[in-house]
Protein chains: 2
Amino acid sequence: MMETRLALLDAAQEMAQKVGYNAFSFNDLARRLGIKPASVHYHFPTKGDLGRAMMARYRLSFLGRLHEIETGTKRARARLKRFVGLFQSALATDRLCLCGTLATEYATLPAAVKREVRRFFDDSEAWLARVLEEGRRAGQLSFDGTAPGAARTLFAAFEGAMISARTFGEPARLEEAGRWLVAGVSPR
Amino acid sequence: MMETRLALLDAAQEMAQKVGYNAFSFNDLARRLGIKPASVHYHFPTKGDLGRAMMARYRLSFLGRLHEIETGTKRARARLKRFVGLFQSALATDRLCLCGTLATEYATLPAAVKREVRRFFDDSEAWLARVLEEGRRAGQLSFDGTAPGAARTLFAAFEGAMISARTFGEPARLEEAGRWLVAGVSPR
DNA sequence: GTCTATAGGTGGATAGAC
DNA sequence: GTCTATCCACCTATAGAC
């Protein structure tokens with residue numbers, strides 16, 4: 001069934017966000033769904049296939065939420081705050097951004113999964129760069145250098161803040177970083 | 001011998017920085033040293049013992065370099081740049097900060113290793129906070145909020161930038177983040 | 001200190017019945 | 001689609017000889 005496939009992706013994503021790609025197995029997923037490990041291979045022949053599908057779905061879902069932010073929120077600073085809010089939501093259930101966990105394990109990933117991780121960076125940074133550039137043009141934001149450069153740094157900073165926050169069980173660390181960094185691109 | 005113990009710590013640290021804690025085994029270490037896996041257990045009874053010793057040594061070594069920076073460099077901005085330089089050195093051999101990799105795998109770590117990871121955050125952030133506060137007092141730096149708050153955000157941002165840079169094989173991403181963030185705490 | 005031998009467990013993956 | 005059975009490789013760890 002398609003339901004099983006989706007449930008597998010859900011379980012895999014949750015585990016990857018919580019313990020990492022190398023720390024969950026087909027056995028773990030099977031137990032959670034009440035099926036046998038061999039059955040998982042019917043839906044995803046190899047773990048790499050699963051990893052690729054999981055990361056691709058996560059990226060598209062994330063892009064969808066970014067689109068919602070763009071249509072629903074017009075002020076640049078509010079958009080950036082909502083971007084951080086997406087990370088805060090994940091952190092509320094002790095999850096990291098899937099992109100952050102996989103990027104840290106990058107050297108061990110199948111090539112197809114690596115590609116999806118880089119695409120997640122690319123898409124997120126492109127969105128942030130657009131928001132930053134529009135905001136600057138509208139006089140709502142102020143920062144030195146190029147928008148893509150600021151976007152790369154902000155995205156990486158949010159990822160890092162998330163890791164730090166979860167390590168200490170202190171979501172406030174992410175919120176603090178969000179405030180601090182958004183203030184850093186605000187007019188003085 | 002003590003040499004073997006140190007060589008094991010070196011090998012373990014390199015692998016952990018490159019592929020993560022869960023992706024290297026006693027077998028990997030043994031092969032690299034030309035000994036048998038069972039011999040590794042003589043020096044470190046469990047992998048948790050090894051992980052704890054590895055992270056503790058890394059932290060003390062890092063603290064030593066921070067001390068060198070403090071005694072050798074007086075201007076606050078130059079100190080921050082040299083802090084980033086430590087991360088850039090690791091990145092030059094495709095390594096992440098050990099603290100960043102272990103923090104991402106945090107949920108899977110033995111308790112003793114977790115403790116060492118948090119101590120690394122604490123020590124690094126305390127050092128950064130001191131440099132930031134002194135720099136502000138001296139009129140060399142300027143930033144809103146508390147120095148510990150800025151330190152937490154900067155440290156996390158550097159960690160994130162490192163992960164991003166290694167994912168793309170673009171050290172410039174870390175350098176860019178360093179410039180951008182240090183500029184953010186510089187007087188306007 | 002390092003070895004051989006070994007234990008018990010888990011990993012990803014496949015073949016073939018139902 | 002899911003199952004049983006099975007494969008082989010690998011993992012952490014221990015016992016005991018050298």
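Basis for what follows: all heavy atoms, side chains included, without hydrogens, waters or symmetry-related copies. Everything numeric here is computed off the predicted structure, so don't read it as measured data. Every chain is numbered from 1 and lettered A, B, ... according to where its sequence line falls, protein lines coming before strand lines.
- F24(B) has its CZ atom 17 Å from the P atom of dC10(D), to the nearest Å.
- For the residue pair T73(B) / R79(B), no side-chain donor-acceptor distance below 3.5 Å is found, with atom types taken as modelled.
- For T46(A), whose side chain is taken as the heavy atoms from C-beta onward, the closest listed nucleotide among dA13(C), dG12(C), dC3(D) is dA13(C).
- As a whole-Å value, the separation of L33(A) CG from dT2(D) P is 9 Å.
- Heavy atoms of F44(A) sit nowhere under 4.0 angstrom from any nucleic acid atom.
- Here dA9(D) presents its P atom at 20 Å from CZ of F26(A), a figure rounded to the nearest Å.
- Pairs passing the side chain to side chain donor-acceptor pair (under 3.5 Å) check and including a residue from residues 2-11 of chain B, sequence neighbours excluded, read D10(B)-R57(B).
- Nearest to the side-chain atoms of A38(B) among the listed nucleotides dT4(C), dT12(D), dA5(D) stands dT4(C).
- Under a cutoff of 6.0 Å and an axis angle of 45°, K47(A) and Y21(A) form a cation-pi pair.
- Applying the 4.0 Å criterion to OP1 and OP2 of dA15(C), one finds that H41(A) has every side-chain N and O outside that range.
- dC11(D) atom C1' lies 12 Å from atom CZ of R31(B), rounded to whole Å.
- For S39(A), the listed nucleotide lying nearest its side chain is dC3(D); candidates were dT2(C), dG12(C), dC3(D).
- Contact annotation: N27(B) side-chain N/O to dC11(D) OP1/OP2 distance is under 4.0 Å.
- For the pair K36(A) NZ and dC18(C) C1', the computed distance is 16 Å after rounding to whole Å.
- In this structure, L29(B) places its CG atom 12 Å from P of dA13(D), rounding to the nearest Å.
- Summarising the geometry, the separation between OH on Y42(A) and P on dA15(C) is reported as 16 Å, rounded to the nearest angstrom.
- For the pair R173(B) and F168(B), the cation sits on the ring face: its NZ or CZ lies under 6.0 Å from the ring centre, inside 45° of the axis.
- Of all nucleotides listed (dT2(D), dT12(D), dG12(C)), dT12(D) comes nearest to the side chain of K47(B).
- By the 30° and 60° cut-offs, the orientation of the rings of F155(A) relative to F121(A) is perpendicular.
- Within the structure, a side-chain polar atom (N or O) of S25(B) is placed less than 4.0 Å from OP1 or OP2 of dC11(D).
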